[in-house]
Peer 1: 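For reference, the structure I am asking about is given below.
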Amino acid sequence: MTVGAIIKLSFLSIIIIIAVCALCVAYKKTRIISVIAGIIILAAAWSITIWYFKGTEAGKRALKTQQSNFGGGIERRITVYDVEGDVIATYEGKFDIEYDDDRILFDDEEGLRHIIYYPTGNVIVDELKK
């Protein structure tokens with residue numbers, strides 16, 4: 001799970017626990033029902049979140065993004081081609097890249113910044129196996 005998801009679920013868990021405690025104090029006859037309902041809600045929230053990050057492609061991409069952010073990048077090969085398809089440059093290493101409509105930006109393992117503008121060519125970024 002991502003750090004953001006863990007924080008949100010922890011906050012939700014605290015709120016549910018406080019609500020269940022408040023219901024138990026206010027309505028002594030419904031203590032068991034309140035506790036069971038709280039446990040069911042917490043289990044459902046945690047299960048849905050775990051399913052999202054393990055069972056959907058969007059969740060897997062979020063985990064990969066977090067891995068890249070906290071791990072200093074992902075092992076990649078960046079190949080830059082000109083308009084005719086000839087290789088201009090190739091970079092390999094652990095990169096965390098940023099991109100927009102006309103450029104990619106990354107810092108290599110030596111700390112050098114690379115900005116590649118590609119409106120007149122192509123850039124291919126491949127993740128390498130570890």
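Just so it is clear, the values below take in all heavy atoms, side chains as well, and ignore hydrogens, waters and symmetry mates.
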Peer 1: How close do Val87 and Thr90 get, counting heavy atoms only, and between which atoms?
Peer 2: CG1-OG1, 3.6 Å

Peer 1: Rounded to the nearest 0.5 Å, how far does CD of Glu98 lie from CZ of Phe106?
Peer 2: 12.0 Å

Peer 1: Could you go through Leu63 and Thr2, starting from their C-alpha distance and side-chain angles, then the distance that decides it, and tell me whether this counts as side-chain contact (heavy atoms from CB on, under 4.5 Å)?
Peer 2: CA-CA 6 Å; Leu63 289 174; Thr2 63; 4.2 Å; yes

Peer 1: With side-chain contact (heavy atoms from CB on, under 4.5 Å) as the criterion, how do Ile116 and Ile88 come out once you've worked through the C-alpha distance, each side chain's angles and the decisive distance to 0.1 Å?
Peer 2: CA-CA 11 Å; Ile116 302 170; Ile88 297 172; over 6 Å; no

Peer 1: For the hydrophobic clusters of this structure (ILVMFWY residues joined by side-chain heavy atoms under 4.5 Å, transitively), does one cluster hold both Phe95 and Tyr99?
Peer 2: yes

Peer 1: Taking side-chain hydrogen bond (donor to acceptor under 3.5 Å, both in side chains) as the cut-off, I'd like each qualifying pair that reaches into residues 49-63, sequence neighbours left out, listed once.
Peer 2: Glu57-Lys60

Peer 1: Hey, what do you get for CG (Leu23) to CD1 (Ile16), rounding to the nearest 0.5 Å?
Peer 2: 11.5 Å

Peer 1: Would you name the heavy atoms of Ala62 and Phe53 that are closest together and state the gap between them?
Peer 2: CB-CE2, 3.9 Å

Peer 1: So how far is it from Asp86 CG to Tyr81 OH, rounded to the nearest 0.5 Å?
Peer 2: 10.5 Å

Peer 1: side-chain hydrogen bond (donor to acceptor under 3.5 Å, both in side chains): which pairs involve residues 68-78, sequence neighbours left out?
Peer 2: Ser68-Asp96, Arg77-Glu92

Peer 1: According to a hydrophobic-cluster definition based on side-chain heavy atoms being under 4.5 Å apart (Ile, Leu, Val, Met, Phe, Trp, Tyr only), do Leu12 and Ile50 belong together?
Peer 2: yes

Peer 1: Can you tell me how far the CD atom of Gln67 sits from the CD1 atom of Ile74, to the nearest 0.5 Å?
Peer 2: 5.0 Å

Peer 1: Evaluate the side-chain contact (heavy atoms from CB on, under 4.5 Å) criterion for residues Asp108 and Tyr91: first the C-alpha distance (whole Å), next the side-chain angles of each, then the deciding distance (0.1 Å), finally the verdict.
Peer 2: CA-CA 8 Å; Asp108 65 18; Tyr91 305 93; 5.8 Å; no

Peer 1: For Lys94, check side chain to side chain donor-acceptor pair (under 3.5 Å) against everything at least two apart and list the hits.
Peer 2: none

Peer 1: So, taking the atom named CD1 in Ile97 and the one named CG in Asp107, what distance separates them when rounded to the nearest 0.5 Å?
Peer 2: 12.0 Å

Peer 1: So which heavy atom on His114 is nearest to which on Leu112, and how close?
Peer 2: CD2-O, 3.4 Å

Peer 1: Residues in side chain to side chain contact (heavy atoms under 4.5 Å, CB included) with Ile18, at least two apart?
Peer 2: Ile14

Peer 1: Run the side-chain donor-acceptor check on residues 29-48: report pairs under 3.5 Å with partners two or more places apart or on a different chain.
Peer 2:
{"residue": "Thr30", "atom": "OG1", "partner": "Tyr27", "partner atom": "O", "Å": "3.1"}
{"residue": "Arg31", "atom": "NE", "partner": "Cys24", "partner atom": "O", "Å": "3.4"}
{"residue": "Ser34", "atom": "OG", "partner": "Thr30", "partner atom": "O", "Å": "2.8"}
{"residue": "Trp46", "atom": "NE1", "partner": "Ser13", "partner atom": "OG", "Å": "3.2"}
{"residue": "Ser47", "atom": "OG", "partner": "Ala43", "partner atom": "O", "Å": "2.7"}

Peer 1: What residues form a side chain to side chain contact (heavy atoms under 4.5 Å, CB included) with Val3, not counting sequence neighbours?
Peer 2: Ile7, Gln66, Phe70

Peer 1: Same cluster or not: are Leu105 and Val123 linked, directly or through other Ile, Leu, Val, Met, Phe, Trp or Tyr residues, by side-chain heavy atoms under 4.5 angstrom apart?
Peer 2: no

